[in-house]
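Chain letters run A, B, ... following the sequence lines, proteins first and then strands; every chain starts at 1.
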Amino acid sequence: MYLFTGKIVSNRQLTRDIRYLRITAPAEFCRQAAPGRFVMLGCDDGLFDPLLKRPFGIMNRGDDWFEVLIKEVGRGTLQLGELAEGSCVSGHGPLGNGYPEVDSELRSKDSSPLILVAGGMGIASIASCLLFNNRRPLNPDCKTILLYGAARLDELLLLDEIEKNSADLRIETITDDGSSGRRGWVTELLENELRQHPASLTFACGPEPMLKNVQQVLCKFKTRGYLSLENRMACGFGVCLGCVQKMAATGDNGAGESAKVCTQGPVFPADKVVF
Amino acid sequence: MYLFTGKIVSNRQLTRDIRYLRITAPAEFCRQAAPGRFVMLGCDDGLFDPLLKRPFGIMNRGDDWFEVLIKEVGRGTLQLGELAEGSCVSGHGPLGNGYPEVDSELRSKDSSPLILVAGGMGIASIASCLLFNNRRPLNPDCKTILLYGAARLDELLLLDEIEKNSADLRIETITDDGSSGRRGWVTELLENELRQHPASLTFACGPEPMLKNVQQVLCKFKTRGYLSLENRMACGFGVCLGCVQKMAATGDNGAGESAKVCTQGPVFPADKVVF
Amino acid sequence: MVDLQVEIVPGLVLKNPVMTASGTFGYGREYTPYLDIAKLGAIITKGLSLKPKTGNPGTRITETACGMLNAIGLENIGIERFLSDELPQLKQLGADVIVNIFGNNQDDYAAIAARLDQVAGIKALEINISCPNVKAGGIQFGTDPQAAANLVAAVRRVTTLPLITKLSPNVSDITKVAEAVADAGSDVLSLINTLVGLAVDIDSRRPLLGNITGGLSGPAIKPVALRLVHQVVKAVDIPVIGIGGIASARDALEFLLVGARAVEIGTANFINPQIGLEIVTGISDYLEQHEYEKVTDFIGSLQV
Amino acid sequence: MVDLQVEIVPGLVLKNPVMTASGTFGYGREYTPYLDIAKLGAIITKGLSLKPKTGNPGTRITETACGMLNAIGLENIGIERFLSDELPQLKQLGADVIVNIFGNNQDDYAAIAARLDQVAGIKALEINISCPNVKAGGIQFGTDPQAAANLVAAVRRVTTLPLITKLSPNVSDITKVAEAVADAGSDVLSLINTLVGLAVDIDSRRPLLGNITGGLSGPAIKPVALRLVHQVVKAVDIPVIGIGGIASARDALEFLLVGARAVEIGTANFINPQIGLEIVTGISDYLEQHEYEKVTDFIGSLQV
Ligand SMILES: Cc1cc2nc3c(=O)[nH]c(=O)nc-3n(C[C@H](O)[C@H](O)[C@H](O)COP(=O)(O)OP(=O)(O)OC[C@H]3O[C@@H](n4cnc5c(N)ncnc54)[C@H](O)[C@@H]3O)c2cc1C
Ligand SMILES: Cc1cc2nc3c(=O)[nH]c(=O)nc-3n(C[C@H](O)[C@H](O)[C@H](O)COP(=O)(O)OP(=O)(O)OC[C@H]3O[C@@H](n4cnc5c(N)ncnc54)[C@H](O)[C@@H]3O)c2cc1C
Ligand SMILES: Cc1cc2nc3c(=O)[nH]c(=O)nc-3n(C[C@H](O)[C@H](O)[C@H](O)COP(=O)(O)O)c2cc1C
Ligand SMILES: Cc1cc2nc3c(=O)[nH]c(=O)nc-3n(C[C@H](O)[C@H](O)[C@H](O)COP(=O)(O)O)c2cc1C
Ligand code: FES
Ligand code: FES
């Protein structure tokens, strides 16, 4: 966990309200960044509006930089999204647990695939599993399928980057309005896959309604999976208790009935989360 | 009076904490800008910290731009001073009365000079009398002397610009630490001049202690002058009553005992102001 | 077109629910270069007293995080000069005028109210029982339910104009004062006035304001204001006007949502003198987009 | 070297006047990756109750202009788990620990205080009589001088530890509560706890927090906090600790200037977990630059 001042290396506008930023960071931060971990970012201007830092998934990282995808939905994301190259940000991270390592223990059958499910901005977190791959490989003989749903075709982001970086990846996309060819929800794609590969391992990130659906689908197929949550956070390191999520009474994530998403998550076994 | 969004055309750093900004503005704003008038400026970011706009003297203006000198003394000036070229500001103005037109009525003897006294950042306001000159001339047969005091040599600003733009101008400088050659206060220079030209007309702008001294000197020589005040302002257009200054009981600036610096000033006859 | 008209009480119907708060809109005329003040729901004058008042000496304003402290001290031109020099022009401009009044004691308040009772062109009186910047008068009425009720009753006796009582937030239980003044004959409540605050300068080791303490206003206080409006709306049967930190149409709609029948814009006028009308338009646009026919359908529709 | 040590009361001497506020510093251990918690004046634990508590459902935090609202609902691990799982490590780390306590009623408070009385490694108790986010307990003690005094007296009877009573800002006259609890045996006062606030979402037409209202903290409330500290310092003879919106050494010095003998940093810890020590250093640097030999020479030196 590092507190640092980073510089915006580049800021690409992908859609009307989505930005793709590369930011400098200490080497140690980059080394500790693992798929599914996140960073708290704020503008480094000494002013108090916005007050708190905002959490973003670390989508990719190099030796001394990392990348985030920012959707401008309010004051904080708007301010960060509009930062010019060369501007400074205050960063804090990497935080959270990240996705589990995909080893044989996690997968019940080695031939069954790893299914990554991304809804909307959930791609930022999910993409880290693929983009980090060339540095810290997932189990090499693990086939991977990316199921990616968005509202419209132009919100299906970074597909080129992801394909380029991930050999042996199958990508299926779907959009709410059908503009990508297939119309519907990403959980329909998940059902299709699980029907064929019921012993798969699933990682999912996206809006809460989607995660609820993913949870139900996984439950129906009695198959294992992990959900990455995006609860509101004030601190990001376990002290404000603002981000807690109800959890099933027993299990490996905390003894009690709730867990701090920032430190015990954001990635939880799908069957533990109580929405 | 215009509300407008201006763009930073250029931002030159003159000293460690002083910036020289050129900002775009509507043509009508520029036409109405007169020496000694001011503009309220704030960052156009939709955020509430800083909350209020800040007042700055309009030092110069063209057809669709104006210039200000900003000394970074707190949150507001720091934010404005650090704005990159191309950034937007919210502007409101031109506000205030400005310096009176220098016609024969104002000056008791046509051969006696107009003395401009600037202390520190007061140069921004005072310089407008000179830099606007090429557009709206002061009385052409009026000789002008600029008396300019600052803390140190490197805080004597824009002397080249001013000389270039003002034919027939004599400039005397003085610094607190003597680094400009002469050590002392600008009011000493004023005393010297008034001793020689007791019928001069004086305009002065600078920190309050300096203006108090100027007032005393003018009083001693029984000569006419105007002071430009820089009271704290919330609105700049006469509605908050935050900027009022005590005034002598009678006179042409308001019936009462106080005046709003933003609308009745910032320039007042020196003998009316009660410090 | 969304119908923005709101009837606060039968004698006080506003063309839209957006007013400008006392002390932040001068006497109205100062704003004519920026907007057509006749298009506002109403303008509320700077607080007026029987005699002119010069206000507090020293520094009167200082900025704080997302807010400002003021200690103007209720400087004003007095009721007579207002009636002779300002009101005629406001009438001519077509503005709907509410006069904010204050005094040093109950008799002062009653005297101003009586003086204004028969004056044409005044839509209502707003009684300031809550200004934190004057020693006598003002806040002690605002924190004591009984004193507030007596004051309102005294004013009520001498005027037939709709009476709005402006409440102080600096109390343990605002509903006590609210109920007391409602019972005493106030037709409407408006809240909040400023929170009492202090700012100091560590270098000079002095308070930043001449008056030492001042009134905190601006976006910083909006959460407190919204909470108090919500509380008072639930506690009393008379209409409530929401004030505090409103700087956008969304802010104004938040107050309407919790049940305010109208709002007053204060500090935001200093930053953007056109904000009042921008908020009127913004409310209309929002309601149209969300398919409301009239603003009254939105008012008080909070689901808890 | 400036001497930063402050004696709050004879039994409570701090190496410097910078503490971390309850509920914003976890149980202390969470901050060890960021700073040496032994270098802080003291750390104050999350509010602890007799039994573990799960807190409020739904959204618990939302940001406001220069502030935040929280409605955590005093979730905590309970006093026994704190003593077994957390305190030993804090002792080992060398931290000076003040325990913040609350209960549903007077007996709860007394029971916790009694339990902690003989425990080594606790420097003082801070009694939270002012949390706005729980229905039973908390705020009703904080707004009623008599209830507050009874509570403090009950705690006083069962402990010899220095007692700090944490006051609510949501009152008409804070000096009444301050005097009452001082008379009842509180050694020290700390203030302010959060202001009660509300935030709503006009699109969903619902409150943004699960608990409806929440506690406002952060820079937005600093002027109100400073005013109340100033008021209480003048009203009582016992020492006062300042809290509210402190985010820099200058902010902390403002509270010391008006007479607080120490400060607590709250919300700012979330934004910068190292802020506590940065403020210690900043205070030292400022005082050195201004040629103070000890911080106690600066405390209370406001000239009005
Ligand atoms: C672990 C984690 C990882 C995240 N990763 C990314 C990412 O990679 N890219 C990205 O664009 N966003 C990500 N988010 C969401 C992002 O943090 C929020 O969008 C952001 O905090 C909103 O701040 P704001 O000031 O712009 O919005 P606000 O003005 O605070 O709110 C605007 C709107 O956004 C909603 N909102 C606010 N906070 C959240 C939140 N935490 N989750 C969902 N909705 C919220 C509000 O309800 C409101 O409707 C992540 C969140 C978490 C917790
Ligand atoms: C009519 C007028 C014209 C001005 N012209 C210029 C100009 O051309 N160039 C320029 O750099 N500045 C000018 N000023 C001063 C400038 O407005 C202030 O420096 C600025 O408002 C400070 O804002 P801040 O947020 O940076 O400082 P804050 O953080 O608000 O305060 C920082 C320090 O500045 C002091 N301060 C704040 N406001 C004022 C003020 N109005 N006057 C003096 N001291 C103040 C405070 O006491 C404090 O010590 C002018 C002021 C007025 C009223
Ligand atoms: C500079 C200033 C002067 C004020 N003067 C008065 C006044 O004369 N009478 C009054 O009732 N309220 C007065 N107020 C309070 C405002 O009307 C309003 O209640 C308060 O500022 C909160 O609203 P805001 O946050 O939108 O500013 C004044 C406020 C400010 C900022
Ligand atoms: C998330 C959060 C949780 C808090 N929990 C407690 C608590 O358990 N007990 C308590 O006495 N105060 C609690 N407080 C109040 C703080 O200790 C402090 O009084 C308040 O936040 C004002 O200080 P600040 O503006 O520096 O945050 C909490 C505050 C926050 C923001
Ligand atoms: S965000 Fe503060 S505890 Fe998780
Ligand atoms: S600055 Fe508001 S009246 Fe002058």
Side-chain angles (χ1 to χ4, degrees), chain C residues 62 64-69 132 142-144 168-174 176-177 195-207 212-214 216 218-231 245 247 249-258 286 290 298 301-304, chain D residues 62 64-69 132 142-144 168-174 176-177 195-207 212-214 216 218-231 245 247 249-258 286 290 298 301-304:
Chain C
T62 191
T64 65
C66 290
M68 63 177 280
L69 285 170
T143 54
D144 176 351
S168 166
N170 304 291
V171 294
S172 306
D173 185 354
I174 200 168
K176 298 246 169 72
V177 185
L195 288 162
V196 184
L198 171 67
V200 296
D201 177 25
I202 59 170
D203 299 329
S204 67
R205 289 188 281 150
R206 290 183 185 283
I212 307 178
T213 59
L216 183 65
I221 70 169
K222 195 185 71 174
V224 176
L226 259 183
R227 186 261 302 182
L228 289 165
V229 168
H230 180 57
Q231 230 179 322
R250 287 191 77 90
D251 291 340
L253 284 161
E254 288 171 9
F255 281 85
L256 300 179
L257 181 65
V258 303
Y286 181 89
H290 291 76
F298 183 80
S301 63
L302 183 75
Q303 296 157 37
V304 290
Chain D
T62 190
T64 65
C66 290
M68 64 176 280
L69 286 170
T143 54
D144 177 349
S168 167
N170 305 290
V171 294
S172 306
D173 185 353
I174 198 168
K176 298 246 170 71
V177 186
L195 289 160
V196 184
L198 171 67
V200 296
D201 178 24
I202 59 171
D203 299 328
S204 67
R205 289 189 280 150
R206 290 182 185 283
I212 307 180
T213 59
L216 182 65
I221 70 169
K222 194 185 70 173
V224 175
L226 258 183
R227 186 261 302 183
L228 289 165
V229 168
H230 181 56
Q231 231 179 321
R250 288 191 76 91
D251 291 340
L253 285 160
E254 289 172 9
F255 281 85
L256 299 179
L257 181 65
V258 303
Y286 181 90
H290 290 75
F298 183 81
S301 64
L302 183 75
Q303 295 157 38
V304 290

**OP:** For chain C, find which of D:D203, D:D173, D:I174 contributes the most heavy-atom pairs closer than 4.5 angstrom.
**Re:** D:D203

Original post:
So which of D:H230, D:K222, D:R250 has the biggest tally of heavy-atom pairs under 4.5 Å with chain C?
Top reply: D:R250

Original post:
In terms of heavy-atom proximity below 4.5 Å to chain D, should C:V258 be classed as side chain, backbone, both, or neither?
Top reply: side chain

Subject >> Partner set under side-chain contact (heavy atoms from CB on, under 4.5 Å) for C:A252, not counting sequence neighbours >> reply: C:I246, C:V263, C:I279, C:I283

**OP:** Apply side-chain contact (heavy atoms from CB on, under 4.5 Å) to D:L69 and list each qualifying residue two or more places apart in sequence or on a separate chain.
**Re:** C:P223, D:T62, D:T64, D:A199, D:L209, D:L216

Original post:
Quick one: CG on C:L198 to CD1 on C:I212, what's the gap to the nearest 0.5 Å?
Top reply: 8.0 Å

Original post:
Who wins among D:G218, D:S301, D:P169 for the most heavy-atom pairs under 4.5 Å with chain C?
Top reply: D:S301

Subject >> C:L302, part contacting chain D, at a heavy-atom distance under 4.5 Å >> reply: both

**OP:** Sort D:I202 into side chain, backbone, both or neither according to what part of it lies under 4.5 angstrom from a heavy atom of chain C.
**Re:** both

**OP:** Mind checking the CZ-CD1 spacing from C:R227 to C:I221? Nearest 0.5 Å is all I need.
**Re:** 12.0 Å

Original post:
Which heavy atom of D:N170 sits nearest a heavy atom of D:V196, and at what distance?
Top reply: OD1-N, 3.0 Å

Original post:
Taking every heavy-atom pair that is under 4.5 Å apart, which of D:S172, D:P207, D:A220 has the most such pairs with chain C?
Top reply: D:S172

Subject >> Atom pair CZ/CG of D:R206 and C:L257 - distance to nearest 0.5 Å >> reply: 11.0 Å

